Asks: 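Below you'll find the structure I mean.
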Amino acid sequence: MFEIASADFIAPDVKRFRIIAPAVAKKHQAGQFVILRVHDLGERIPITIAESDPDSGEITIIVQGIGRTTKDLNRKTSGDQIPDLVGPLGQPTHIENWGKAVIVSGGVGTAEALPIARAMKAAGNEVISIIGARTKSLVIAEELMKDLCDEVIVTTDDGSYGIKGLVIEPLRPMLESSSPPRLILAVGPLPMMKAVAELTRPYNIKTMVSLNTIMIDGTGMCGGCRATVDGKTVFVCVDGPEFDGHKVDFGELQQRIGQFKNQERQSLDQFLRSCRAEKSVEG
Amino acid sequence: MSTSATPSPDKQLTPKERMRIPRQKMPEQDPRQRTTNFNEVNLGLTEEMAIEEAQRCLQCAKPLCIDGCPVIIKIPEFIELIVQGDFIGAAAKIKEDSSLPAVCGRVCPQENQCEATCVVGNRFSPVAIGNLERFVADYEREHDMIQVPERAAVTGKKVAVIGSGPAGLACATDMAIYGHDVTIFEALHEYGGVLAYGIPEFRLPKKVLSVEIENLKKLGVKFVKNYLIGKTRTLDELLNEDGFEAAFIGTGAGLPWFLNLPGENLNGVYSANEFLTRVNLMKAYIFPEADTPVQIAKTAVVIGGGNTAMDSVRTAKRLGAKRAIIVYRRSEEEMPARIEEVHHAKEEGIEFQLLQAPIKYLDDGNGWLKGIECIKMELGEPDDSGRRRPVPIEGSEFFIEADFAVVAIGNGSNPLLARTTPGLDINKWGNIITASETGATSKPGVFAGGDIVSGGATVILAMGDGRKAAAAMDEYLKSKAKVASDE
Ligand SMILES: Cc1cc2nc3c(=O)[nH]c(=O)nc-3n(C[C@H](O)[C@H](O)[C@H](O)COP(=O)(O)OP(=O)(O)OC[C@H]3O[C@@H](n4cnc5c(N)ncnc54)[C@H](O)[C@@H]3O)c2cc1C
Ligand code: SF4
Ligand code: FES
């Protein structure tokens with residue numbers, strides 16, 4: 001059992017949890033994730049570790065309530081327990097001094113990118129953060145990024161905050177500039193990572209993407225998380241999650257991620273129904 | 001199946017009379033019924049049937065059955081106790097040499113082991129040793145009479161067991177009995193290894209396993225789940241910082257092989273590990289009550305001929321596949337699956353397409369599998385395994401329509417632990433190298449056994465490894481203590 005030390009909504013449907021997991025906190029490095037289950041018949045889902053404190057033994061995760069498990073998780077509050085949680089899983093982000101590095105993040109990916117930004121900065125990089133969101137209220141972790149990075153640029157799809165448009169808008173001129181970044185790291189929704197990789201490809205700038213596949217065990221045992229990178233099959237949970245974005249087969253990945261979408265819909269509907277039933281009983 | 005002909009146990013039967021008793025047929029769920037549920041197929045012998053079956057044993061002076069048993073169970077002795085009606089005594093007799101008889105009685109390939117060498121088998125069907133083993137273990141459990149073995153005086157020595165499959169469980173049992181302070185570390189959220197995530201409920205009910213785990217807890221073994229050695233903590237940290245004086249590695253095979261054919265990552269193509277884990281460990285067969293989904297196939301094709309392939313194809317059928325097909329590149333004779341499982345699969349309407357191999361998975365245009373291009377094979381010269389090598393017949397390609405495929409061609413060794421443990425020698429396939437008598441690895445105080453050493457074998461061999469290593473670990477700890485006190 002893993003106790004939730006604190007839980008707060010930081011944006012609509014987006015909740016930040018501090019969870020007491022001392023062994024995980026001690027080992028965590030930027031880019032790694034945990035797999036957790038919220039109840040006895042629950043599914044196992046991967047969630048990136050946004051922060052860890054080896055002294056207090058806490059890890060922080062940021063959860064966007066989208067599917068059955070994340071919505072269920074977001075009903076939990078401080079003092080509640082998470083029955084199963086294992087980690088830190090995956091390979092840590094490769095950190096070196098590239099000179100200038102740009103971290104592009106979207107949605108909760110921004111929280112996930114925090115430890116990467118911190119490590120990149122510590123390695124001596126000039127770090128620029130580009131944060132993308134649908135709308136102003138969904139921009140998260142901007143202040144934290146500001147503390148860590150040399151520059152933070154925000155874009156919103158609807159123009160309610162920062163630059164109107166997608167994250168690639170401010171990125172494009174950087175690639176064209178006389179001192180382009182030597183590393184781009186994209187963390188967030190698949191279409192965003194794909195767009196970033198496509199944009200940087202002609203410039204031949206190293207572009208890493210953090211893949212978020214369906215996972216079960218997270219130990220390399222099932223192969224459910226497989227993706228094609230450079231024409232070869234990789235297991236994202238143990239070989240990744242970060243890969244060279246210019247070599248990832250995004251089309252296949254998009255299809256694989258949607259593999260269970262009908263069942264996921266069904267599961268979510270059932271969950272929402274049961275929540276409503278609970279509410280009406282209480283009410 | 002009348003028991004009226006059963007001679008009273010006290011009457012001495014002649015060998016001829018014994019051999020004339022027919023082998024008791026294991027009662028089973030009707031094939032048509034059982035393909036609609038996940039309940040166990042074999043229902044177990046009744047007391048009368050068990051005694052009758054036990055009477056068939058000739059009590060050989062030189063029991064050949066024991067030669068076939070990897071852990072040297074005193075077979076005629078436990079069978080004699082059944083004849084006397086002492087079922088609990090019989091279970092205890094088996095446990096002198098083996099842990100988990102309720103599991104082994106269900107999943108051991110007896111037809112290649114004890115029952116293959118039983119002399120009655122020379123002229124008639126061999127004594128049903130496996131069914132008897134299962135019977136006494138079930139009797140003991142169902143009557144709540146499982147005895148927790150006695151422990152030696154507490155030594156205070158901490159021992160780590162990595163992985164809770166049969167190898168780890170067996171090692172932990174013995175180390176606890178020797179008096180050591182044992183902790184099992186398991187990566188998943190449930191204990192049992194393949195017994196929990198691989199072998200389906202209809203062959204090994206999870207209840208059988210959970211009772212065994214509970215008993216190990218009573219014996220004082222500590223269980224830590226959600227703990228991946230190599231990530232959450234390294235083996236060296238356990239040994240150097242956490243006070244463990246010895247460790248046993250039983251991490252299993254656990255790296256699914258694919259054939260690297262075009263289209264293998266299409267939706268609808270799974271490794272057997274993924275498919276079985278979804279269904280068994282994650283209980284997808286009760287989706288949406290359980291959250292983890294699984295695809296319900298129209299036509300399921302399973303590639304392979306081992307137990308894993310049989311478990312996968314029978315699982316697909318139970319989930320509702322209209323057609324469930326085994327595609328295997330050799331002939332039935334070479335199939336590594338247990339005969340009983342092949343037989344059960346056939347009864348359940350599983351189709352067997354032998355001497356065929358897949359060459360390509362085809363896309364329906366939306367990223368989903370629509371079928372498999374296969375090629376016919378013929379058997380050529382024997383290969384390293386002694387089985388005749390399958391050779392493709394040129395121009396014999398054909399197409400099987402299928403929306404679901406499971407690749408069940410075996411497992412490699414998971415590299416995670418070895419990669420994070422300097423000084424632990426592995427061979428070119430990634431299996432840990434050990435001294436065969438002791439299970440000792442290249443790292444002092446570290447022992448290993450089961451699939452991570454053998455590359456993939458059986459439950460009983462994994463258990464045997466665990467016990468052998470426990471004996472050697474105990475010696476190691478004693479000699480270490482002696483050296484320390486001599487100094
Ligand atoms: C579907 C299927 C059907 C089978 N049917 C039969 C049968 O009928 N009869 C038979 O005799 N054999 C059968 N086998 C083979 C048999 O199950 C295996 O040989 C046996 O389970 C091996 O035992 P083990 O203890 O070595 O490893 P496993 O059972 O594989 O257990 C290893 C455990 O270690 C854990 N682990 C791995 N790495 C780590 C780590 N770094 N840290 C912590 N924990 C870790 C894993 O999660 C797992 O729980 C079957 C196998 C499969 C897959
Ligand atoms: S070989 Fe067969 S008949 Fe002889 S002791 Fe063993 S089980 Fe009994
Ligand atoms: S999640 Fe099972 S191998 Fe990656």
Side-chain angles (χ1 to χ4, degrees), chain A residues 1-2 21 23-24 26-27 32 34-45 67-69 72 83-90 214 216-228 232-233 235 238 249 251-256 258-264 266-271, chain B residues 186-190 194 197-198 224-228 230-234 237 251-258 260 264-278 281-284 286-296 363 366-368 407 411-412 414-417 419:
Chain A
M1 285 285 182
F2 296 80
V24 183
K26 209 165 177 175
K27 271 283 149 66
Q32 291 185 302
V34 292
I35 284 188
L36 56 79
R37 274 189 347 142
V38 288
H39 64 97
D40 260 4
L41 290 172
E43 61 185 338
R44 296 170 63 97
I45 61 160
R68 193 225 176 281
T69 300
D72 198 1
D84 298 298
L85 180 149
V86 59
L89 302 174
I214 293 174
I216 305 179
D217 58 299
T219 69
M221 179 273 278
C222 78
C225 61
R226 65 198 190 279
T228 302
K232 288 191 221 42
T233 294
F235 287 5
V238 285
D249 182 340
E252 177 189 278
L253 205 61
Q254 189 73 54
Q255 273 158 356
R256 286 189 63 79
Q259 197 169 162
F260 293 102
K261 62 172 186 281
N262 293 339
Q263 288 99 322
E264 282 162 9
Q266 185 188 349
S267 180
L268 177 61
D269 286 348
Q270 183 188 279
F271 174 68
Chain B
E186 169 56 52
L188 295 172
H189 61 263
E190 241 161 61
V194 169
Y197 75 72
V224 179
K225 59 182 179 173
N226 299 314
Y227 210 92
L228 180 61
K231 287 286 181 189
T232 314
R233 202 104 181 104
T234 65
E237 286 166 336
T251 49
L255 177 78
W257 276 331
F258 287 91
N260 292 319
E264 209 150 43
N265 294 346
L266 285 172
N267 287 350
V269 184
Y270 304 83
S271 75
N273 282 1
E274 179 183 356
F275 177 52
L276 292 172
T277 300
R278 281 181 180 277
L281 182 72
M282 307 310 298
K283 303 198 171 62
I286 54 168
F287 178 87
E289 194 189 325
D291 296 345
T292 304
V294 67
Q295 187 191 336
I296 308 301
D363 191 336
N366 295 311
W368 283 88
V407 185
N411 282 292
N414 193 314
L416 206 146
L417 188 78
R419 265 192 210 150

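Here the structure is a predicted model, which is why all the values come from computation and not from measurement. Within every chain, numbering begins at 1; the chains are lettered A, B, ... in the order of the sequence lines, protein sequences first and strands thereafter.
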Asks: Please report the C-alpha distance between B/E237 and A/K27 in whole Å, then the side-chain angles of each, then the deciding distance to 0.1 Å, and finally whether the salt bridge (Lys or Arg N to Asp or Glu O under 4.0 Å) criterion is met.
Replies: CA-CA 12 Å; B/E237 286 166 336; A/K27 271 283 149 66; 2.4 Å; yes
Asks: Given that the side chain runs from C-beta out, which part of A/I214 has a heavy atom under 4.5 Å from chain B: side chain, backbone, both or neither?
Replies: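 The side chain, not the backbone.
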Asks: Side chains of B/L255 and A/F235: closer than 4.5 Å at any heavy-atom pair?
Replies: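 B/L255 reaches A/F235 side chain to side chain.
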Asks: Among B/V294, B/N411, B/L281, B/D291, which has the most heavy-atom pairs under 4.5 Å with chain A?
Replies: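 Looking at each of B/V294, B/N411, B/L281, B/D291 in turn, B/D291 comes out on top.
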Asks: To the nearest 0.5 Å, what is the distance between CZ (A/R68) and OG1 (B/T292)?
Replies: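 A/R68 CZ to B/T292 OG1: 10.0 Å, rounded to 0.5 Å.
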Asks: Check whether any side-chain heavy atom of A/V86 lies under 4.5 Å from a side-chain heavy atom of B/K231, and answer yes or no.
Replies: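 Side chain of A/V86 against side chain of B/K231, heavy atoms only: no contact under 4.5 Å found.
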Asks: Roughly how far, to the nearest 0.5 Å, is CG of B/L416 from OG1 of A/T219?
Replies: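 Answer for the OG1-CG pair, A/T219 versus B/L416, is 7.0 Å.
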Asks: Measure the CD-CD distance between B/E289 and A/Q270 for me, rounded to the nearest 0.5 Å.
Replies: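 Between atom CD of B/E289 and atom CD of A/Q270 there are 8.0 Å.
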Asks: Do B/L188 and A/R44 pass the side-chain contact (heavy atoms from CB on, under 4.5 Å) test, and can you show the C-alpha distance, the side-chain angles, and the key distance before you say yes or no?
Replies: CA-CA 10 Å; B/L188 295 172; A/R44 296 170 63 97; 4.1 Å; yes
Asks: Hey, could you give me the OG1/CE distance between B/T251 and A/M221, rounded to the nearest 0.5 Å?
Replies: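 Rounded to the nearest 0.5 Å, the OG1-CE separation comes to 12.0 Å.
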Asks: Among the options B/G252, B/G367, B/P256, B/A253, pick out the one with the most heavy-atom pairs lying under 4.5 Å from chain A.
Replies: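 Counting heavy-atom pairs under 4.5 Å, the top option is B/P256.
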Asks: What are the two closest non-hydrogen atoms of B/S271 and A/C222, and how far apart are they?
Replies: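 Minimum heavy-atom separation between B/S271 and A/C222: OG-O, 2.5 Å.
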Asks: Let me know if A/Q259 has heavy atoms under 4.5 Å from chain B in its side chain, its backbone, both or neither.
Replies: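 A/Q259 touches chain B through backbone and side-chain heavy atoms alike.
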Asks: Tell me the closest heavy-atom pair linking B/F287 and A/Q263, and the distance in Å.
Replies: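 Smallest heavy-atom distance, with atoms named: CZ-O, 3.2 Å.
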Asks: When you compare the side chain of A/R226 with that of B/V269, does any pair of heavy atoms fall below 4.5 Å?
Replies: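 Yes, their side chains come closer than 4.5 Å.
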Asks: Flag the pair B/M282 / A/I216 as yes when at least one side-chain heavy-atom distance between them is below 4.5 Å, and no otherwise.
Replies: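 Yes; the side chains approach each other to less than 4.5 Å.
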Asks: Do other residues, nucleotides or ligands put more than 12 heavy atoms under 6.0 Å from the NZ atom of A/K26?
Replies: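 Incorrect, the count does not exceed 12.
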Asks: Counting only non-hydrogen atoms closer than 4.5 Å, does A/F271 touch chain B with its backbone (N, CA, C, O), its side chain (CB onward), both, or neither?
Replies: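 Neither part.
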Asks: For the CG atom of B/L266 and the CD atom of A/E252, what is their distance to the nearest 0.5 Å?
Replies: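 So the CG of B/L266 and the CD of A/E252 are separated by 7.5 Å.
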Asks: Below 4.5 Å, heavy-atom pairs only: which of B/P293, B/P415, B/A290 has the largest tally toward chain A?
Replies: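 Of the candidates given, the most pairs with chain A belong to B/P293.
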Asks: Drop me the distance from A/D40's CG to B/K283's NZ, to the nearest 0.5 angstrom.
Replies: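 A/D40 CG to B/K283 NZ: 8.0 Å, rounded to 0.5 Å.
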Asks: Taking every heavy-atom pair that is under 4.5 Å apart, which of A/A21, A/G251, A/A227, A/G90 has the most such pairs with chain B?
Replies: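 The residue among A/A21, A/G251, A/A227, A/G90 with the greatest pair count is A/G90.
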Asks: Check whether any side-chain heavy atom of A/D217 sits under 4.5 Å from a side-chain heavy atom of B/T277, and report yes or no.
Replies: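 Counting from C-beta outward, A/D217 and B/T277 never come under 4.5 Å.
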Asks: Name the region of A/Q254, side chain, backbone, both or neither, that has any atom closer than 4.5 Å to a heavy atom of chain B.
Replies: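 Neither part; nothing is under 4.5 Å.
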Asks: Under 4.5 Å heavy-atom distance to chain A, tell me which part of B/Y197 shows up: side chain, backbone, both or neither.
Replies: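 Only the side chain of B/Y197 comes within 4.5 Å of chain A.
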Asks: Quick one: which of B/N366, B/L276, B/V407, B/T234 has the most heavy-atom pairs under 4.5 Å with chain A, could you say?
Replies: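 The residue among B/N366, B/L276, B/V407, B/T234 with the greatest pair count is B/N366.
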Asks: Under 4.5 Å between any side-chain heavy atoms of B/N414 and A/V238, yes or no?
Replies: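 Side-chain contact under 4.5 Å: no.
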Asks: Contact part of B/I286 toward chain A, heavy-atom cut-off under 4.5 Å: side chain, backbone, both or neither?
Replies: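 Only the side chain of B/I286 comes within 4.5 Å of chain A.
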Asks: Are B/N267 and A/R256 close enough that some pair of their side-chain heavy atoms sits under 4.5 Å apart?
Replies: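 Contact flag for B/N267/A/R256 side chains = yes.
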